[in-house]
Amino acid sequence: MSALIAATAFEATVAAGQDLQKARVAEWKPIVAKFQKPSALRAAWQLTNSVALYVLLWFLMYWSLKISHLLTLSLTILSGAVVVRVFIIMHDCGHGSFLKSKLANDIVGFVAGIVVFTPYYHWRWEHSLHHASSGDLDRRGTGDVWTMTVQEYLDSSRWMHFVYRLARNPFVLLVIAPVFLFVFRQRFSSRKAKSRERWSVWWTNLGILGMALTLSWVFGWKMYLFVQLPITIVAGAIGIWMFYVQHQFDGAYWERGEAWDYTVAALQGSSFYRLPKTLQWFSGNIGFHHIHHLSPRIPNYNLERCHRAHPIFQDVKPVTLRSSLNSARLHLWDEERRKLISFRHLKRLQKRGADTGASARNPPHARRQC
């Protein structure tokens, strides 16, 4: 009985907090609108310095191979970081926020997609599903990080335990996954994709092939792979880690069905990843992810200014470089405690006794139905 009263009181507190957030929508909407206007000048400058820097670094990597592999490695990290910045440009184009013209966004986005080995229209479609369902436990599975609840994990087979643990392993996540995702997975379309998205994959593959053949003809195919593959791995690792931290952190938000709220999911379920200015530049300000999820129409070059424009944005607890490392130890969503926990934490809960084990298996809404 006491557990039921506590659960009810907790849910009432959460509901009150959500009502407060909804009541403040009228406050932040006009503020957000001011930053949704693209700037052709800022977009052109960002596109120029990003692409020009990437081209320069690519050629410097080729040149450095004759001098020092250590120098090449340093340039690889820089090149990978710039590719992330180019990816953010494509990302903004997909939201129609980088430039005013829809056609211009699509052209820039498609070309940037070739550079970052990602089919623009196909990715845009999957990413729109992510934005529409982020933080909703009942709509997981597309464009997000695979996340199981405690009960789902406990009810699954040993084989599924192995697969899930493997997917959450840092080495797999940051070394194997980038190669699989950007070299292989992105070369094929989803069965659910429509015609334009499917064609986007094949046109992007053709563009990548043309780029690879041209550079291989100029520098040699071995040299091309020696330069391009490490860049892709580094860029993919950085990108996957950024996306992981943006939705897998201590204090993240997950809800089911009608309890899910878009505003709360944006401000509480998307992190404010506070990075040093240099890393913020390379990551295209995407660390202000709570702002981005609140309004995807804000171009990346306006995200920080929007963040500073209203107290409701600044009230979000930041995730720092140091605290973000804890995200690697968060694996399962505990519906009972409404937070992400580690596999080790789950074992401790199970060892505490039958009540705790039952509590871990059955979230509040399930126990009330019993």
Side-chain angles (χ1 to χ4, degrees), residues 42-93 98 107-120 123 171 173-187 203-243 275-286 300-301 321:
R42 297 190 71 180
W45 171 236
Q46 187 176 76
L47 186 62
T48 301
N49 61 43
S50 301
V51 174
L53 182 57
Y54 178 56
V55 172
L56 175 63
L57 286 170
W58 206 99
F59 282 102
L60 284 176
M61 281 185 65
Y62 167 73
W63 171 75
S64 70
L65 288 170
K66 303 174 183 178
I67 301 174
S68 167
H69 284 188
L70 185 61
L71 176 59
T72 305
L73 178 62
S74 301
L75 292 172
T76 299
I77 296 172
L78 281 175
S79 299
V82 174
V83 169
V84 172
R85 184 171 168 84
V86 176
F87 188 96
I88 297 302
I89 291 175
M90 183 201 73
H91 167 271
D92 277 15
C93 290
F98 192 66
I107 292 174
V108 172
F110 182 80
V111 175
I114 294 175
V115 175
V116 300
F117 287 33
T118 305
Y120 170 70
W123 174 88
F171 179 79
L173 194 68
L174 300 178
V175 179
I176 297 177
V179 177
F180 172 75
L181 180 62
F182 292 100
V183 178
F184 299 106
R185 173 64 184 85
Q186 297 284 21
R187 307 285 68 81
W203 282 114
T204 300
N205 290 346
L206 187 61
I208 293 171
L209 180 61
M211 180 176 65
L213 289 176
T214 300
L215 292 174
S216 296
W217 177 69
V218 174
F219 302 107
W221 68 270
K222 290 183 179 179
M223 198 64 70
Y224 168 73
L225 290 177
F226 202 85
V227 172
Q228 187 62 58
L229 189 57
I231 291 176
T232 302
I233 294 173
V234 170
I238 295 172
I240 288 175
W241 175 250
M242 288 292 297
F243 186 76
L275 296 169
K277 287 294 183 180
T278 301
L279 297 182
Q280 184 180 320
W281 186 88
F282 280 111
S283 61
N285 299 308
I286 203 62
N300 75 83
Y301 45 78
L321 274 176

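Heavy-atom basis, side chains included; hydrogens, waters and symmetry copies ignored.
Considering only heavy atoms from C-beta on, I231 comes within 4.5 Å of M61 through its side chain. Looking only at side-chain heavy atoms (C-beta outward), S283 and I238 stay at 4.5 Å or farther from each other. Two residues are said to be in side-chain contact when any heavy atoms from C-beta on lie closer than 4.5 Å; V179 and T232 fail this criterion. Counting heavy atoms from C-beta outward, P178 and I240 have side chains that approach closer than 4.5 Å. Taking the side chain as every heavy atom from C-beta outward, M90 and V115 never approach each other to under 4.5 Å. The shortest side-chain heavy-atom distance between W58 and Q228 falls under the 4.5 Å cut-off. No side-chain heavy atom of Y301 sits less than 4.5 Å from a side-chain heavy atom of W45. No side-chain heavy atom of Y54 sits less than 4.5 Å from a side-chain heavy atom of R85.
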Show your working on side chain to side chain contact (heavy atoms under 4.5 Å, CB included) between L275 and M242 and close with a plain yes or no.
CA-CA 11 Å; L275 296 169; M242 288 292 297; 4.0 Å; yes
Take L229 and V183, measure what side chain to side chain contact (heavy atoms under 4.5 Å, CB included) needs, and give me the verdict at the end.
CA-CA 9 Å; L229 189 57; V183 178; 4.3 Å; yes
Show your reasoning for whether side chain to side chain contact (heavy atoms under 4.5 Å, CB included) applies to H91 and I286.
CA-CA 10 Å; H91 167 271; I286 203 62; 3.9 Å; yes
Apply side chain to side chain contact (heavy atoms under 4.5 Å, CB included) to residues V108 and D92 and explain how you reach the verdict.
CA-CA 10 Å; V108 172; D92 277 15; over 6 Å; no
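The minimum heavy-atom distance linking G80 with V234 is given by the pair CA-CG1, 4.0 Å. Nearest heavy atoms, V84 versus G239: CG2-N, 4.2 Å. Closest non-hydrogen pair, V82 versus S50, comes out as CG1-O, 3.3 Å. Contact record, I208 with F117: CD1-CA, 3.6 Å, taken as the closest heavy-atom pair. Among all heavy-atom pairs drawn from P230 and V227, the shortest one is CD-O, 3.4 Å. P276 and L321 make their closest contact through CD-CD1, 3.8 Å (heavy atoms, listed as atom of the first residue, atom of the second, distance).
Note: L60 CG to L71 CG = 8.0 Å, rounded to the nearest 0.5 Å. Atom CZ in F59 sits 7.0 Å away from atom CG in L215 (nearest 0.5 Å). Rounded to the nearest 0.5 angstrom, I89 CD1 and F98 CZ are separated by 4.5 Å. The OG1 atom of T204 sits 12.5 Å away from the CG atom of L209 when rounded to the nearest 0.5 Å. To the nearest 0.5 Å, atoms CG (L78) and CG (L53) are separated by 7.5 Å. With rounding to the nearest 0.5 Å, the separation of CG in L57 from CG in L75 is 6.5 Å.
Side chain of S74 to backbone of L70: a donor-acceptor contact under 3.5 angstrom is found. Side chain of N205 to backbone of R187: a donor-acceptor contact under 3.5 angstrom is found. Formation of a donor-acceptor pair under 3.5 Å by the T118 side chain with backbone atoms of I114 is not found in this model.
Contacts of T278 classified as side-chain contact (heavy atoms from CB on, under 4.5 Å), with partners at least two apart in sequence or in another chain: F282. Under the rule for a side-chain contact (heavy atoms from CB on, under 4.5 Å), V111 has no partner lying at least two apart in sequence or in another chain. Applying the side-chain contact (heavy atoms from CB on, under 4.5 Å) test to S216 and every residue at least two apart in sequence or in another chain returns W221, Y224.
Within 6.0 Å of atom CH2 in W203, 12 or fewer heavy atoms from other residues, nucleotides or ligands are found, so the atom counts as exposed in its surroundings. F219 CZ: more than 12 foreign heavy atoms inside a 6.0 Å radius.
Note: W123 and F87 have perpendicular aromatic rings, judged against thresholds of 30 and 60 degrees for the angle between ring planes.
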